[in-house]
Participant: 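I am attaching a structure below and will ask some questions about it afterwards.
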Amino acid sequence: MSRIYPLNRTRDIGVIAHIDAGKTTVTERILFYTGVSHKIGEVHEGEAVMDWMEQERENDKSSEHRFNIIDTPGHVDFTVEVERSLRVLDGGIVVFDGVAGVEPQSETVWHQADKYKVPRICFINKLDRTGADWHKDLLSIRNRLNPKAIPVQIPVGVESDFSGVIDLINQKYITFSGEMGEIVEVKEVPENMKLETAKWREEMLDMIASEDDVLAEKYLEGKEITEADIKSALRKATLSGVVNPVLCGTALKNKGVQLALDAVVDYLPSPLDVPSIKGTNPDTDVEETRDASDEAPFSALAFKIANDPFVGSLAFFRVYSGKITKGSYVYNSTKQKRERIGRILRMHANQREEVDEINAGDIGAAVGLKETTTGDTLCDESKPIILEKIVFPEPVISLRIEPKTKADQEKMGIALRRLADEDPTFKIKVDHETGETIISGMGELHLEVLVDRMFREFKVSASVGAPQVAYKETIKGTAEAEEKYVKQSGGRGQYGHVKVRVEPIEKNAGFEFENEIRGGVIPQEFVPAVEKGAKEAVEKGVVAGYPIQDVRVTLFDGSYHDVDSSEAAFKIAGSMATRKALTAANPIILEPIMKVAVITPPDFVGDVTGDLNSRRGRIDSMEDRGNIKVITAQVPLAKMFGYSTQLRSMTEGRASYSMEFSSYEEAPKNVAQEVIAGRK
């Protein structure tokens, strides 16, 4: 089957924003203007169909393009969704609220997109709202995200008078009429806007010319600059990640989204515009690349697993090279397993379309993959490659959960496993001492939603305990220890003898194991067993039983017995020696610190900051945003339980807050003692 849309006319983009910036409404409008959705459902009417979709456009220049669009959640507890979306996207539309400007979550997502080098355009939304201020929004984007944010449109009118936009590139006034804004009219710039248009156009040309020598030369020599010149230079600068074109409108009133679609085509990359995907050949450990081409060997990344009530488990994947056909076999190089592709689906929100194949640059969902989980690479077995994995943050909060009845017990196990397959930041473990099941996630809301899904989708009733903070441990010093594990019973004995050294390593480096054994004092086949034992000791902790992070364990000496030595003996010796060394290396408790942003009317600033200080919070900044104050602080997670109730009562229900994980820091002595006592 030949492809309908060539690669240069394919766009894999995401719509990303802070919660309530109007992101889902923007995506709804995209669906409508591309002919996928024939009725617009408002989010506040509970009808929005958008969650995941792919669609084609039926009119003007975008009619010849395929858009694969992912709508990402705006709440920070669902950071995993944003991470995995950014990993497989080529470009993004970042939506900002016309009243609030850059909000904490939009900043977080922006920096995540920087990490994945995703080019993006900005859309200032909700300009029809009371208090909307386009200029202030632009300044907040420039001050907090990128000084090289370049407006390519300016609004005409503001709040209830917002009537359309002026396109600075072709100097035209554009309005939107018809029931859904589907009639786009191009008019001359109104007389009273000509001066302002000239000023902003001059600034736009100045900023683009500073990034493009060809345009700069024309600009300085006073030569005529065409629309094609400007768009070509702006596209180049956007693809390199240096600048971000800024557009504006109101999705709810159907103004401006139509032009944002054209901007996606004009300035965001096709799969051919982004560097070829890199990976490692699992057989040779050599780095290899795969070009975005249907002829290249097949490679794809599974970035999301979802349970569909009608077809079962769906694996969403992005094809980077080659193509995949239904009924064929693919190789899961991460798990080293062959998988059969039963059916292939394209998803339009929650609608499914069966297709025979998916080509390079496209996104689809496969039914029938048994072993594949989030982050696995699927490829051609004769040309294996493992693409760079998606790295997910560690959970910071846990709860104990138990089924209400015997019948719920079995169902709960299945439900938890399914949910963990879908979400890599959701972890399950059993406390062997108490036999209780503990679930961990990114925040209270994250776990609340998962427990609710367990009840709704899997019909499991469960009781949950109070949220618990996921503390960690680390060491501040270096220490050595020696352990001999000798057991003599009838027949063959056990003998393992090791000497290890433990030392702290840089933050967020996790666990490292080094083998310094020379001259065969311990045979090489026993070294992995020592590593396994060391890892076990590190995971169990030594102060309060929490996992130890950022530590290197080095095996530097020992001895063995020709007959009695075994892997089991060396594993036990490795675990005992590591534990002994860790205990001597000044171990400490680490607690998760959250970045908290509180938005409050000025009258309550004193109460809010006083309360944050009483929670051991450090105030980072206080800034004005129109007639409200935004306070950002670093606060221990342990002190944030029940904060929303307290904040509401303190501010007559007028303040709101958002919170995200910042880092692990050493807990003060009195807190560490409480934690240790609580564990005992």
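This one's a predicted model, so the numbers in the text were calculated from it and none came from an experiment.
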Participant: Could you check whether any side-chain heavy atom of H446 comes within less than 4.5 Å of a side-chain heavy atom of D423, counting everything from C-beta outward?
Facilitator: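 Yes. Closest side-chain heavy atoms under 4.5 Å.
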Participant: Heavy-atom count check: over 12 atoms from other residues, nucleotides or ligands less than 6.0 Å from E159 CD?
Facilitator: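 Yes, the 6.0 Å shell around CD holds more than 12 heavy atoms from other groups.
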Participant: Using the ring pair (Phe, Tyr, Trp, His ring centres under 6.0 Å) rule, collect all pairs that involve residues 171-217, keeping only residues at least two apart or in two chains.
Facilitator: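 Matches after skipping sequence neighbours: W134-W200, H135-W200.
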Participant: Looking at E221, I'd like to know if its CD atom is crowded, meaning that more than 12 non-hydrogen atoms belonging to other residues, nucleotides or ligands lie closer than 6.0 Å.
Facilitator: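 Yes.
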Participant: Does CG in L220 sit with more than 12 non-hydrogen atoms of other residues, nucleotides or ligands closer than 6.0 Å?
Facilitator: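 More than 12 within 6.0 Å, yes.
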Participant: Would you say CG of D452 has more than 12 non-hydrogen atoms from neighbouring residues, nucleotides or ligands within 6.0 angstrom?
Facilitator: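 Enclosed: over 12 neighbouring heavy atoms sit under 6.0 Å from CG of D452.
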Participant: Cation-pi check, R144 to W110: give yes when NZ or CZ is under 6.0 Å from the six-membered ring centre and within 45° of the ring axis, no otherwise.
Facilitator: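 Negative - R144 is either too far from the ring of W110 or too far off its axis.
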Participant: Return all side-chain donor-acceptor pairs below 3.5 angstrom for residues 608-616, not counting sequence neighbours, or 'none' if the list is empty.
Facilitator:
unit_1	atom_1	unit_2	atom_2	d
T609	OG1	V605	O	2.9
T609	OG1	G606	O	3.1
D611	OD2	R615	NE	2.9
N613	ND2	T609	O	3.2
S614	OG	D611	O	2.6
R615	NH1	K639	O	2.6
R616	NH1	E591	OE2	2.8
R616	NH2	E591	OE1	3.0
R616	NH2	E591	OE2	3.4

Participant: With a 4.0 Å cut-off, would you call D362 and R346 a salt bridge?
Facilitator: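 Looking at R346 together with D362, the answer is yes, because their closest N to O distance falls below 4.0 Å.
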Participant: With a 4.0 Å cut-off on N to O distance, would you call E211 and K148 a salt bridge?
Facilitator: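 Salt bridge: yes.
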Participant: Are any of the side-chain nitrogens in D90 or K117 under 4.0 Å away from the carboxylate oxygens of its partner?
Facilitator: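 Answer for the salt bridge query: no.
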Participant: Do any side-chain atoms of residues 640-647 form donor-acceptor pairs under 3.5 angstrom with protein atoms, and if so which ones, sequence neighbours left out?
Facilitator:
none

Participant: Compute both the distance and the angle, then confirm whether R318 meets the cation-pi test with Y320: under 6.0 Å from the six-membered ring centre, within 45 degrees of the axis.
Facilitator: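 Judged by the rule, R318 and Y320 form a cation-pi pair.
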Participant: Might you point out which heavy atoms bring K218 and D229 nearest each other, and give the distance in Å?
Facilitator: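 Distance-wise, the nearest heavy atoms are NZ-OD2, 2.8 Å.
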